[in-house]
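To find a chain, count down the sequence lines: A is the first, B the second, and so on, and within it residues start at 1. Predicted model only: the values in this text are computed from it and were never measured.
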Number of protein chains: 2
Amino acid sequence: MYFVDTIEVPGLGNRSYLAGGPRGAVAVDPPRDIDRMIAAAARRGVRIAYVVETHVHNDYVTGGLELARLTGAAYLVPAGARVAYERVPVRDGDSVEIDADLTLRAVATPGHTPHHTAYVLQEGGRAVAAFTGGSLLIGTVGRPDLVEPRLTGELARAQHASAHRLAAELPEETAVLPTHGFGSFCSAGRATDTTTTIGRERVTNEALVKDADTFVAELLAGLDDVPAYYAHMGPTNADGPAPVDLTPAAPADAEEIAARLAAGEWVVDLRNRVAFAEGHVAGSVNFEAEGQLATYLAWLLPWGKPVTLLAESPDQLAHAQRELVRVGIDRPAAASTGSPADWLREGERPRGFPRGTFAELAKVYGAEGVVVLDVRRDSERAGGHIAGSAHIPVHQLRDRLGEIPDGTVWVHCAGGMRAGIAASLLDAAGHDVVAVDDGFAAAADAGLPLSRITPARAHERTGADGDAVLLDVREPEEWAAGHAPAAVHAPLSALTAGTPLPPHARNRPLITICRSGRRSQEAATLLRARGADVVDVTGGMPAWEEAGLPVVTEARAGAPAAEAMADAIAGPAPRPTLDVAPGPARTASGSPESGAPLGTTGGPAA
Amino acid sequence: MYFVDTIEVPGLGNRSYLAGGPRGAVAVDPPRDIDRMIAAAARRGVRIAYVVETHVHNDYVTGGLELARLTGAAYLVPAGARVAYERVPVRDGDSVEIDADLTLRAVATPGHTPHHTAYVLQEGGRAVAAFTGGSLLIGTVGRPDLVEPRLTGELARAQHASAHRLAAELPEETAVLPTHGFGSFCSAGRATDTTTTIGRERVTNEALVKDADTFVAELLAGLDDVPAYYAHMGPTNADGPAPVDLTPAAPADAEEIAARLAAGEWVVDLRNRVAFAEGHVAGSVNFEAEGQLATYLAWLLPWGKPVTLLAESPDQLAHAQRELVRVGIDRPAAASTGSPADWLREGERPRGFPRGTFAELAKVYGAEGVVVLDVRRDSERAGGHIAGSAHIPVHQLRDRLGEIPDGTVWVHCAGGMRAGIAASLLDAAGHDVVAVDDGFAAAADAGLPLSRITPARAHERTGADGDAVLLDVREPEEWAAGHAPAAVHAPLSALTAGTPLPPHARNRPLITICRSGRRSQEAATLLRARGADVVDVTGGMPAWEEAGLPVVTEARAGAPAAEAMADAIAGPAPRPTLDVAPGPARTASGSPESGAPLGTTGGPAA
């Protein structure tokens, strides 16, 4: 009988595995801190006979080389990986015996990297589990863009083929045991499940249910930012990482902390963001020990810059040191435990800044000197943001401090963790800051004006009791194929050409909608420049329909409007784009379709 | 009698110095390849008794530690620098004897780094030369933003004070011998002269002729992009760099080159861009051995990624290897000399792409499928660019390949070198590319439409025989204080509010001008969105006046125009912003001032 133990690395969203029989075992993709793997083998009473890598990792420093050296295991690395150390090169089809009747077979699965190899655990000749590394993940696959941009297109295609190969060759009950995909940035999508099989993936995995062209196009279009430190993991792993060193760092006193700050080094306070905001050493930055410490500190810290750690307890410090060696931040330059009182020199006072909620922000929003800063990623912001907010993703903040407007900066993210990091960076640079420690959903509830809203909210605001006009900016044939009953048709092409809005859509809040969300944003920008109050609908008409909101397919009202606007483009005297005269009242039904646009018939003149 | 020998490092825009008397000498800020410094001492017949660093360098790997070890010299490093190796810490006022009657005195000059120290060479007690490192440069100073953004503001202020200290304490005939500033990105400005003295700097250096506030504000506003590899130089230098290794790299044959490319490694072809464009190994990239090889390759290459070098000769290869160790690209993974015939496998053909000039681009400009890509820095592009061109600075190109539109990409920079690099990256990624090997000045001569033009060109185009209307978008009081005689006044505030242009400015090419160039760009963007053909004037009215072009100060014509536009904002029926009816002809004098804007009087209606 075989066993598989999962070694979780939650900070990075990864898993490693120890698998074997009564006597022998194999360690798959071990993390840098190998003591956990050794302890797992001890608990099982097995000897680690093999250490295998599915690929040269791009997101963490491997513990494989050191684990093999320490245990005397054979170190199996894909033959195509160019590494500087001694290893057993593995080729497609190679097989090793882990224990009696238990073998591990290599399956070339390029995609996440050119040399990526999955390993199939076979008991009595039958596949029971597949260590899929960064190939087949739960519902998705590993990213193909971490090696070299020049290769990304072909790796995406290879990833599709590899997923299909695994699905075709393995029995449906085979457990799929990936390394990435539990919050890892190495994963192309986000998995919600934690276990799966080949059979389940066959019907749910995006690489297996889509044809190659669709899959590749969507995969490449959906790739999000990669933590900057990833660039250093490949070379480190190919060189052969130095042995791990988890001994305590040199203790830092207040003088030492001050001197390091003055030299431009980083002093990282690991306490939770509430404690940090209340009081901290001026110039220090806050990365909470809980949460994704390794990912975000490694992402933001200039590579190789000395780090001093401040923790509230020896346990917190040791935990952080362990997290950090996994991403190559080896041994802090110095460290101290305690509280700001221990870290400040005689006569120095701790610095602090307020925290707030979106409801509190709503009370001061728009006031002189209030700056709203969104530090989420581009992809998150595209789903909607607070109107008028500045946007600098947290990982770019350090390089773009010069762009922060003067004033009190209310900094927010999606949940509060990254806002805490950003607030500490801004505070260290001398800005007046409020850390918004709140979930982004609360922004709408607080009544803050959002640049983009959901279809449901758009429907609410443009219904019978609504305050706003829904503007469908798609072209006539798209409009004719189906639109919201209350929508007014104003194709983007007409708006761009300077055509004015129909009168009943003037001087009222506007909500634009299109197919994908791209033209609706463009239209919103255009109309905003003309002084209108505009938001757009995220996800466009497909999201509208998915939300079960009403759609009419007759072209009765749409076509005339479109024609009227087309006329207006060609006509000699289009209407003003910003009309300060009040338009006719909207019909009580909430449907403005009956109001013929006045664009071509002339309006009030001076 | 003392001597000072200059060791030029032209690829990085730096200088090192060997200075001394008949027997003893000091090496200042030596580069990684220390054999040149040793040879200089040998030629002088002196012993290097001291090696000094003005600061822990951020732009190159120091040779100081190894030079001191090799020669037995004392290694003097500012005491405030936190370094991991043994050295003699130097404090302000410390002095050492280089030779009889020849001393070197340390002067704390923080600014470029917190611990920066200059060294004054004194003969018979009198200062004869100052090794100013990254403090006082020729006409400018070292950048204050290379250490840590949190410290940049205070370092800029310290830099001003340090410059003033040197100017105050040293006799006017003292030679100023900086390390940076000969094309170095460490320099805040660009020097054109190559020698200077304290007396000369007192009347020309921007830090010495401006008050602290003005200097700091201008310094911080003018900082340009920093090569990404700079982030690695500080930590490397603080750790103590490994000894240099200039032995030949392992030879690479065609199979090896192909395997390395398939693994995602970089293969760099060092030949000139003409040869590369004619034929090269598919997937390889082109960084010419001549030019700023070290800066650009270190900037673009992911840190630590293995590099294979292809050169046309052993000399070219050795030269490149020497350039690269200076920036920490140690020993290539492999290398080969010859031509593509030697680097391609049996049956493979070299890949190539065309080169072109701006005149050739002008012939196809605007045609279907022709994409113009500008790879200059933001600051260069702000001075004017080809209308409709895409913009990705060359150092961002690798990460932004996904943004390149489909089509044939005509890629240009300011002179051709960076366009060659960019073309090679695009070609490696499978794009259809033409490398524009031409100076940017030729773009205007070729008749390519520019987004920004010089005041002189604006004057030409808006004179009596001109085709365009000059639109002054400043506010009324600025307009009243002086404007171009032919200008039409249309304040940006009015344009933003949707106010239409005066009729005689409609349906004609527009040239916007303001004070700094910021509002004119904004206005151009706005008017372009309304369908107008607009460029703006770089440098605004100050540049116009500097160019000796005419200015009238009477408010005669301007005020009414401004009032009319203000009326239009408040009035009930502003004119269309895009008027398709032809406006009245402009008066032959070229002065449109007499044409009262029709905005408030109503125009043709449908």
Side-chain angles (χ1 to χ4, degrees), chain A residues 80-82 113-115 147-153 220 223 231-232 234-236 238-239 259-260 262-266 283 302-306 398-399 401-402 425 428-430 496-498 500 526 529-531 570-581 600-606, chain B residues 80-82 113-115 147-153 220 223 231-232 234-236 238-239 259-260 262-266 283 302-306 398-399 401-402 425 428-430 496-498 500 526 529-531 570-581 600-606:
Chain A
R82 306 188 69 91
T113 68
H115 59 261
V147 178
E148 175 61 33
R150 164 169 59 81
L151 301 180
T152 298
L220 298 182
L223 294 170
H232 304 293
T236 300
D239 278 354
R260 289 189 178 274
E265 295 185 7
W266 274 35
W303 193 246
K305 186 165 255 210
R398 185 178 168 276
D399 290 332
L401 284 172
L425 288 167
T496 307
L526 193 87
R530 294 181 187 168
R575 293 274 311 147
T577 50
L578 182 72
D579 194 337
V580 291
T600 55
T601 61
Chain B
R82 305 188 69 90
T113 70
H115 58 260
V147 178
E148 175 60 33
R150 166 169 57 83
L151 301 179
T152 298
L220 297 183
L223 294 170
H232 304 292
T236 300
D239 279 353
R260 290 188 177 274
E265 294 185 7
W266 274 35
W303 192 246
K305 186 163 253 208
R398 185 178 168 276
D399 291 331
L401 283 172
L425 288 168
T496 307
L526 192 88
R530 294 182 188 168
R575 293 273 312 151
T577 51
L578 182 71
D579 195 335
V580 291
T600 55
T601 59

If you count heavy-atom pairs under 4.5 Å with chain A, which of [options] comes out on top?
{"options": "B/Ala238, B/Ala259, B/Gly153, B/Gly234", "result": "B/Ala259"}
{"options": "B/Ala429, B/Pro149, B/Pro306", "result": "B/Pro149"}
{"options": "B/Gly430, B/Gly283, B/Gly80", "result": "B/Gly283"}
{"options": "B/Ala263, B/Pro302, B/Gly304, B/Gly264", "result": "B/Gly264"}

Query raised in the report: Can you say whether A/Ala81 sits under 4.5 Å from chain B via the side chain, the backbone, both, or neither, judging by heavy atoms?
Result: neither
Query raised in the report: A/Ala262 versus chain B, heavy atoms under 4.5 Å apart: side chain, backbone, both or neither?
Result: backbone
Query raised in the report: Looking at residues at least two apart in the chain, or sitting in another chain, which of them share a side-chain hydrogen bond (donor to acceptor under 3.5 Å, both in side chains) with B/Arg82?
Result: A/Glu256
Query - Partner residues of A/Glu148 under the side-chain hydrogen bond (donor to acceptor under 3.5 Å, both in side chains) criterion, sequence neighbours left out - result: B/Trp266, B/Lys305, B/Arg398
